[in-house]
Structures are given as structure tokens and as C-alpha cells.
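A short write-up of the structure that comes next.
In the text below, chain A, chain B and the rest are named by the order of the sequence lines, each starting its count at 1. Reckoned from all heavy atoms, side chains included, excluding hydrogens, waters and symmetry mates.
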2 protein chains.
Amino acid sequence: MDSTQLHLPEPALRRLPWYLSYAKLALERGETTVSSTQIAKDIGVEASMVAKDLSYINVTGKTRVGYSTFTLIEVIETFLGFTETHKAFLFGVGRLGGALLQDNGLRQFGLEIIAAFDVKFELAGTNINHIPIHYIDRMNELRQQTGVDIGILTVPINQAQEVADMMIQADFKAIWNFTPIRIRVPNNIVVQNTSIYAHLAVMFNRLRMNP
Amino acid sequence: MDSTQLHLPEPALRRLPWYLSYAKLALERGETTVSSTQIAKDIGVEASMVAKDLSYINVTGKTRVGYSTFTLIEVIETFLGFTETHKAFLFGVGRLGGALLQDNGLRQFGLEIIAAFDVKFELAGTNINHIPIHYIDRMNELRQQTGVDIGILTVPINQAQEVADMMIQADFKAIWNFTPIRIRVPNNIVVQNTSIYAHLAVMFNRLRMNP
DNA sequence: TAGATTGTTAATCGATTAACAATC
DNA sequence: TAGATTGTTAATCGATTAACAATC
């Protein structure tokens, strides 16, 4: 099974980091093997779903034993691309943008922000957490120098589409969209929408439904 | 149709904020009506899906015209609970926790963080953005004083379950979980998992699949 | 061997999409 | 009226769940 070409359902991809975190904690506790049934019980997911998700990636367990904790961590991390370094530009150094620049945790998951851009003149030339901030018009030039093709969108909503268009023009391949706007892109561009407010909507709704 | 008791699919709930942002931008541009077909075209979603999503909530459009932009904004905001104020406690004042405390945007979406807790003694008594930070052992007392029942979880992964258990013990009704850990909770507790790393996993995978 | 586990295949469930009737 | 739009109903699609065979 060539797992690098297999199309995984998005829900399955989102669950893999759970198993990864679980395995990491298990390793800390000194557990050398983990079984899918145990994972399922501990994180409240169907056992067959865990098994199915793990069958997508290139890892085999031992009957009556489970998976080697160490191998499982390694395989999931590699499969998800967390062991490589993906370079990215960040657009919009506001509160959220600034927080992402501060977050060294991203590097652990394979993402390195190497430059940030903003329209505020006073930010140009400064840096946050050793990441340089440039005025937006230098983007194309630096993009060509570095070959970066992932852009992180943390601008105000009324500039979201405009800045996304700029990225598309500059031949970016992926946009990580933190705005609550659904941006329009050609379908060869990968977009991940991460609007925390959408989660608030779901949370409030479920709270209201509860007895 | 009593929309307060209808069970909406989670994907639909997550799309509503898109329509809301779209309507807000349309209002800024001076458009007094928006049609579901136009929304669909502009944000790249099926028109029938937009219509279906909007049919869940208590809003009616006019044939040949669409929805009143103003009414649509009001109805979605109210339905999603963004017009009320939901009070919350935040647990774990690290980079991410600190960023959330700074983010006044949350208030616009109906969430107000009124206190934060941490195990670092040196943080107790300080505040961020006028929100007081307490040592963790004061949580129960303040919870009883304030009646807060939403907890935001931004602690390190090896403390995630422990702190979640503490919240459950203290009778919290909802946990907004920003850790990559899938926490175990009784099923009367509402959990929203917002791990940005899961989105990275999907993004890297889709990038690899692309031609 | 008995029992626990992996991992596949089939059945079910629910969301999305398509078709279309109703309306202005 | 013709055409654009809402909004519902039926068909399709895909993910989850259940059942179970294989393995140690």
C-alpha cells in the first residue's frame, strides 16, 4: 500500500494527531507497546475506527500485543510530515499573527515561519522571536529568494481575500486561513480554515441543547 | 420550526460563521440584500447547501431578492449565541493562553474570559489585558462565586487530562480544548477540540497529494 | 487451547448534492 | 410572462460502525 498517494478522509487525518499525542504520553509513562483497543477506550473513539485509521498508514501491529509505541510515534510523525521542515510566510502581524510568531511549538510539528509581512510601516524592520517583519511589498522578492509556498493568513477580515489573491498571484501552494472569511481560491491551492470562532459557535449551540 | 431545539449537523454550524462574515462585509459595501446563490458563488459552496443551512435558522428570504443583509446578520449572530455574553475561565497561561487573553475579538463572538489560572506561583496576582491570573487552587472558590461553566484548556499536554478532570469535578459544562490531546469526559460535558496542529497535518498531506 | 488483538469487509448512518416545485 | 430565487424532497456519496476472519 503506497500510503503517500492514498487519499485519506480528512476526519481520519485529523484524528492521527490524537493517536500521536497519546503514544507520546504512553512512551513517557514507559509503555513500550500500545494497542488500538486501549487507545480507543482511553480517548473515547470506536476501536474499529482507530484500527482503520492506523491501517491507512504504513504500520503493522502484533496480534495480542499492539503497536510498538516508538514505531507508532515515528510512523505517524513521518506520515503527517511533522518530521520535515515546511517553511512559511505569515501575513498580518496583529494579536493572532504575533502569537503564532511566538509559538515555537509549531516547529515541532514541521512548520517554520521564516518571515512575516504587514502593511504597518512601523513594524517593517522589526522582528518577533527572531522572525523578521517586512513591509508587504517585499513579499514577492523574498518569495522568489526562498521558494516558500505556504502562507499563513492572519489579516483583518476585510483584507483577507485581497491578501489571499496576492498569495495566489505569487504562486503559493497552500494557505492556512485563520480568518473567519471563506476565501476563494483556484482548486489547485490547498486551503485549511482554522477559525476559532466556528468552534465557539458549535460549543454555544451544544450547550444550549444540553438538558 | 423551533430552531433552539433542532439538532444542527456540526458541519452546518461551522459554516454559519462564514455566511455571517460574508453578510458583514456585504453590509460594509452597502449591499442591503444578499442571496444564497450569490453567497454560494462567492465562497465556493453549493447553493443548495447555503439554502439548506439557512433554512435551519429562523430567517426567510424573498424570492428574486434574497435575504435582508441586516436581518441575516442579526439572526445568525443571535442563533449562534454571539450576541450573549458567555463567561469563561482559562487554564494555563502559556504562549497560547496568553494570546487568547489578549484577544479582545473573542468578546465580539460572545465569549468573555473573566479569570485565568496557572500553577506558576509568580503569575498569581498579576493580570493580562485586565484579566486577573490566579493560582490554580483558587479555582473552585471563584467558580462558585461567579457561576462560570465554560473552561478554556491551554495547559501543556501532560496536564491536559488532569486539569480537565478538575473542571469536570467543579461542574463545568463545557471545555474548549486547545491541546492536541483528546480528553476523556462524561457525555453531558460539551467539548470542542481546537488543535491547530491537526490542520497542519491535513495541509501537509494535501500538499503532498497535489500534482 | 482460549482469548486478545489486528485489520478487513459489509451494513448503516448522516451529510451533501441534485432535482424541482413554489413563489414573486 | 419569463426568469431568478427560495427552500424542500429525493438520490447520492462517503464516513462510521458493526461483524467477523485471521493471527499469535
Assess [X] against [Y]: is NZ or CZ under 6.0 Å from the centre of the six-membered ring, and within 45 degrees of the ring's axis?
X: A:Lys24; Y: A:Phe109; answer: yes
X: A:Arg138; Y: A:Phe117; answer: no
X: A:Arg182; Y: B:Tyr22; answer: no

Mind calculating the distance between [atom1] ([X]) and [atom2] ([N]) to the nearest angstrom?
X: B:Ile39; N: D:dT5; atom1: CD1; atom2: C1'; answer: 12 Å
X: A:Asp53; N: D:dT16; atom1: CG; atom2: C1'; answer: 10 Å
X: A:Met49; N: C:dT8; atom1: CE; atom2: P; answer: 16 Å
X: A:Gln38; N: C:dT5; atom1: CD; atom2: P; answer: 8 Å
X: A:Tyr56; N: C:dT6; atom1: OH; atom2: P; answer: 17 Å
X: B:Leu72; N: D:dG7; atom1: CG; atom2: P; answer: 11 Å

Parallel, tilted or perpendicular, as decided by the 30° and 60° cut-offs, for the rings of A:Phe89 and A:Phe91: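 A:Phe91 vs A:Phe89 ring planes: perpendicular.
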
Whether A:Phe204 and B:Phe82 hold their rings parallel, tilted or perpendicular, with breakpoints at 30° and 60°: perpendicular

Of the listed nucleotides C:dT16, C:dA10, D:dT5, the one nearest the side chain of B:Thr37: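 Looking only at heavy atoms from C-beta outward on B:Thr37, the closest nucleotide is D:dT5.
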
B:Glu46, nearest nucleotide to its side chain (from C:dT6, C:dT17, D:dT16):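 Of all the options, the side chain of B:Glu46 is nearest to C:dT17.
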
Salt bridge (Lys or Arg N to Asp or Glu O under 4.0 Å) assessment of B:Glu10 paired with B:Arg14: CA-CA 6 Å; B:Glu10 186 159 328; B:Arg14 292 205 179 166; 2.8 Å; yes

What's touching nucleotides 19-24 of chain D from the protein side, N or O pairs under 3.5 Å?
| unit_1 | atom_1 | unit_2 | atom_2 | d |
| --- | --- | --- | --- | --- |
| D:dT23 | O2 | A:Thr63 | OG1 | 3.4 |

Electrostatic pair B:Asp53:B:Arg15 at N-O distance under 4.0 angstrom: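 Judged by the 4.0 Å cut-off on N to carboxylate O distance, B:Asp53 and B:Arg15 do form a salt bridge.
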
Sorted by number, the residues of residues 9-24 of chain B with heavy-atom contact under 4.0 Å to DNA chain C: B:Pro9, B:Pro11, B:Arg15

Test item: side-chain donor near acceptor, B:Gln38 and B:Asp42, under 3.5 Å: yes

Side-chain donor-acceptor pair present, A:Asn193, A:Ser195, cut-off under 3.5 Å: no

B:Tyr67 vs D:dG7: side-chain N/O to OP1/OP2 distance below 4.0 Å: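 Yes, because at least one side-chain N or O of B:Tyr67 sits under 4.0 Å from OP1 or OP2 of D:dG7.
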
Pair partner, D:dA4 [Watson-Crick or wobble, under 3.5 Å]: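 Looking at the geometry, D:dA4 pairs with C:dT23.
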
Partner nucleotide of C:dA18 by Watson-Crick or wobble geometry (both distances under 3.5 Å): D:dT9

5' priority, DNA chain D, between B:Lys52 and A:Val45 [closest heavy atom]: B:Lys52

